[in-house]
Amino acid sequence: MTSSNLWTDGNALAGPLHDVFRADVTTAIGRCTACGRTGPMAEARVFDHAPGVIARCPTCDQVLLRLVRSPDRAWLDLRGLMYLQLPVPEQT
């Protein structure tokens, strides 16, 4: 199921999640609920050959997030992450 020809790295999350968060989520740090691995979302395995996007932990294959979009809304499931630490721009 995780053959490398089926997935790309977490950089594939940049466009879809930027539309939702308005931030570069590939540099965000996430912690997997299954194995506890902590690392940048750019290292996740992204499956985007479906109506939505699924990111899996590169260590244990746990689903970290699911994102499905329609023309006027997005559904984001982050239950595979203990947390998602996003960089915040400095306030001026």
Side-chain angles (χ1 to χ4, degrees):
M1 176 172 179
T2 59
S3 175
S4 64
N5 62 346
L6 298 177
W7 57 269
T8 57
D9 68 26
N11 289 303
L13 295 171
L17 288 181
H18 185 272
D19 293 343
V20 175
F21 287 108
R22 301 290 180 209
D24 181 6
V25 179
T26 62
T27 61
I29 304 298
R31 183 172 178 125
C32 177
T33 59
C35 71
R37 180 186 188 278
T38 301
M41 292 303 293
E43 294 177 358
R45 293 180 178 169
V46 177
F47 298 82
D48 56 1
H49 303 291
V53 176
I54 295 174
R56 291 182 173 271
C57 177
T59 301
C60 73
D61 212 32
Q62 163 79 18
V63 173
L64 300 174
L65 67 84
R66 296 171 185 89
L67 174 65
V68 178
R69 298 231 19 208
S70 74
D72 64 339
R73 64 191 64 227
W75 291 264
L76 181 60
D77 175 359
L78 298 170
R79 76 180 93 180
L81 291 167
M82 287 184 196
Y83 62 80
L84 184 63
Q85 178 186 16
L86 296 161
V88 178
E90 291 185 32
Q91 295 181 356
T92 56

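This structure is a prediction, so every number in the text was calculated from the model and none was measured.
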(request) Compare every heavy atom of L84 with every heavy atom of A28, then report the nearest pair and how far apart it is. (result) CB-CD1, 3.7 Å

(request) Looking only at non-hydrogen atoms, find the nearest pair between P40 and T26 and report the distance. (result) CB-O, 3.9 Å

(request) With V53 as reference, evaluate D48, V68, L76 under the side chain to side chain contact (heavy atoms under 4.5 Å, CB included) test and give the passing residue. (result) D48

(request) State the CG-CD distance between L64 and E43, to the nearest 0.5 angstrom. (result) 11.5 Å

(message) Show the nearest heavy-atom pair for residues L86 and V25, with the distance to one decimal.
(response) CD2-CG2, 4.1 Å

(request) Give the minimum heavy-atom separation between R45 and W7, together with the two atoms involved. (result) NE-CZ2, 3.3 Å

(message) Quick one, Q62 and T33 - any side-chain contact, counting heavy atoms below 4.5 Å?
(response) yes

(message) Less than 4.5 Å apart, side chain to side chain, heavy atoms only: is that true for R66 and R79?
(response) yes

(message) On a heavy-atom basis, which atom in F47 and which in R56 lie closest, and how many Å separate them?
(response) CE1-CD, 3.4 Å

(message) Using every non-hydrogen atom in the two residues, find where Y83 and T38 come nearest and quote the distance to one decimal.
(response) OH-CG2, 3.5 Å

